[in-house]
Amino acid sequence: MKMEDMPLSGPDNTRLEALVHDIYSELVEDACLGLCFEVHRAVKQGCFFLDETDQESMKEFEIVDQPGVDIFGQVYNQWKNKECECPNCKRLIAASRFAPHLEKCLGMGRNSSRIANRRLASNNNMSKSESDQEDNDDLNDNDWSYGAEKKAKKRKSDKNQNSPRRSKSLKHKNGELGSSVGSEPYKYNYNPGISYETLGPDEVRSLLTTQCGVISEHTKKMCTRSQRCPQHTDEQRRAVRVFLLGPSAPSLPDGDPVGESNIFDIPDGQTLMGRLQWEDSPDISPTDSASSKASTNHSDSRRPKKKKTPSLGLNSGGGGGGGGGGGGSLSGGSSSSQSNISLPTKKKRPKLSAPSITSIYDDLN
Amino acid sequence: MSKESRMRATVNQKLTEMGERERLKELLRAKLTECGWKDQMKAHCKEVIKDKGLEHVTVEDLLVEITPKGRALVPDSVKKELLHRIRAFLAQHAT
């Protein structure tokens, strides 16, 4: 025992120390007594030995401390490579992908309704033959963009095979020429864009006069926003009109691309008005040519010009009645008349065009 | 002697009245649980009970078996701290 320094005298000090120790002993005995009471009560109530049942059970549930196994003795990644059969679609799905697959397959969960709506929309847009059950199922599992890309690839190949005739036949199927977007609600309602494959030249033309029309990379659909939509540049819009109206146009009545090299597509009055809105942007010509796609047979000739013509189209509309008159007639037969008119308007156009375009006209002239 | 016993009585009385005794008890219990003394003692109890038989254990039996071992098993640090506190109390309040 340590003897502390105390200012008291020896015997007092000793007595004090003894007292301290006595008090300490009392406290410790108190603690022991408390523990005894606790244990005795537990024993009498039968809850003292609860954590020890019997030797066999103890051995069975002992903590396992081996490598590769968790404390229960289970291999923790045992089900990594297993496959489960979906009760809904009867497919074999990897275990780790099973829960998300079920979510989509059963139509429950947070994203399933969104994906279903998107799928419906894209299915409505595509022809029935293109989308079969397998594709839909794949859409269930994968990102919608992936599924759309698959469809997009198919669509692209289809378009290359038989574009002009196909679109024409579909156009007749759909009924009226130059049907606006509203006339085919079942096609366009849910779509963020329009599939250009199924549209006839007149429809495309009319669409392109009012809409942006830029074809999205992954959905292969035309943008339905206005022609000033911020998502797409005028360059894109022009390129789309080149793309759509150029190759798909049937044999031109004027025929000769060379002869019509000076001819600019004179868009509809509608188109012209649309173009007029674009006066700020220099590259609007593709839209002009796109809008007059149905009527224009000089799509080939237009293409190179289209890049230069956006302002030209505007100029024609804004520049003079000649251009406007030429633009007003959309029929294919009027192309020649248009071409005639376009020549004078062409001259007028540079005035209205942006400086860059005037330079282009200079090159042409 | 009586003086001493009187002094002791006074000290004890003071301890109790001022609540210091309770505080010291709680402190000791907490420290003993913390350092594992309680679990050790419980294991010892189990052995005693297994020896004596589950049905016939009494509190006195347990106490007799437990107390000596308990006293011995208190860690030094706990003991020192308690002694220190008691001395401090006495120094503060003793006559």
Side-chain angles (χ1 to χ4, degrees), chain A residues 1-66 70-73, chain B residues 3-4 7-8 11-12 15 20-22 24-33 37-42 44-46 48-50 52-74 78-91 94:
Chain A
M1 276 200 273
K2 261 177 32 175
M3 299 292 287
E4 278 195 23
D5 295 334
M6 303 263 309
L8 300 174
S9 59
D12 280 343
N13 201 9
T14 318
R15 279 207 290 272
L16 211 56
E17 264 314 295
L19 181 56
V20 167
H21 277 89
D22 280 344
I23 294 172
Y24 167 76
S25 297
E26 264 183 57
L27 290 170
V28 171
E29 279 165 16
D30 237 8
C32 291
L33 186 65
L35 179 70
C36 287
F37 278 139
E38 209 180 297
V39 168
H40 182 261
R41 188 165 191 264
V43 164
K44 289 305 175 186
Q45 287 188 333
C47 59
F48 189 62
F49 286 107
L50 280 181
D51 51 351
E52 302 165 13
T53 48
D54 56 314
Q55 283 300 326
E56 290 166 13
S57 310
M58 297 275 282
K59 287 229 172 71
E60 204 178 321
F61 299 114
E62 225 171 355
I63 290 176
V64 176
D65 193 15
Q66 297 164 17
D70 64 12
I71 62 171
F72 298 116
Chain B
K3 205 164 125 191
E4 191 177 329
M7 187 189 68
R8 278 181 176 238
V11 166
N12 282 333
L15 260 178
E20 188 64 20
R21 188 178 285 265
E22 281 302 319
L24 287 170
K25 263 196 208 171
E26 283 309 312
L27 177 69
L28 181 61
R29 252 187 222 140
K31 289 226 175 265
L32 288 176
T33 310
W37 175 91
K38 196 171 175 185
D39 299 322
Q40 282 177 293
M41 297 311 296
K42 266 195 176 172
H44 191 233
C45 288
K46 273 186 195 168
V48 169
I49 292 165
K50 278 174 188 162
K52 299 260 165 134
L54 196 64
E55 299 296 322
H56 308 290
V57 165
T58 63
V59 180
E60 289 79 14
D61 286 342
L62 280 173
L63 195 61
V64 162
E65 300 285 333
I66 294 300
T67 308
K69 192 157 186 209
R71 258 193 246 123
L73 279 178
V74 174
V78 177
K79 185 171 179 181
K80 273 182 194 157
E81 179 161 354
L82 263 174
L83 288 173
H84 178 76
R85 279 191 68 149
I86 296 167
R87 273 188 219 114
F89 177 80
L90 284 181

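Each chain gets a letter, A, B and so on, in the order its sequence line appears, and its residues count up from 1.
For chain B, the nearby parts of L27(A) are the backbone and the side chain; heavy atoms of each come within less than 4.5 Å. Only the side chain of R29(B) comes within less than 4.5 Å of a heavy atom of chain A; its backbone N, CA, C and O stay farther away. Residue contact with chain A, scored on non-hydrogen atoms closer than 4.5 Å, involves the side chain of L82(B) exclusively.
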Under 3.5 Å, which donor-acceptor pairs link side chains of residues 57-67 of chain B to any protein atom two or more places apart or in another chain?
unit_1: T58(B); atom_1: OG1; unit_2: D61(B); atom_2: N; d: 3.2
unit_1: T58(B); atom_1: OG1; unit_2: D61(B); atom_2: OD2; d: 3.1
unit_1: T67(B); atom_1: OG1; unit_2: L63(B); atom_2: O; d: 2.7

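Under the ring pair (Phe, Tyr, Trp, His ring centres under 6.0 Å) criterion, F89(B) pairs with H93(B), sequence neighbours left out.
Heavy-atom pairs under 4.5 Å with chain A peak, among K42(B), K46(B), R21(B), at K46(B). Residue with the most contacts toward chain B among C32(A), G34(A), A31(A): C32(A) (heavy-atom pairs, distance under 4.5 Å).
Inter-residue side-chain proximity for I49(B) and V43(A) is flagged as met; some heavy-atom pair is nearer than 4.5 Å.
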Step by step, would you call E20(B) with K25(B) a salt bridge (Lys or Arg N to Asp or Glu O under 4.0 Å)? CA-CA 8 Å; E20(B) 188 64 20; K25(B) 263 196 208 171; over 6 Å; no
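The environment of Q45(A) atom CD is dense: over 12 non-hydrogen atoms of other residues, nucleotides or ligands sit within 6.0 angstrom.
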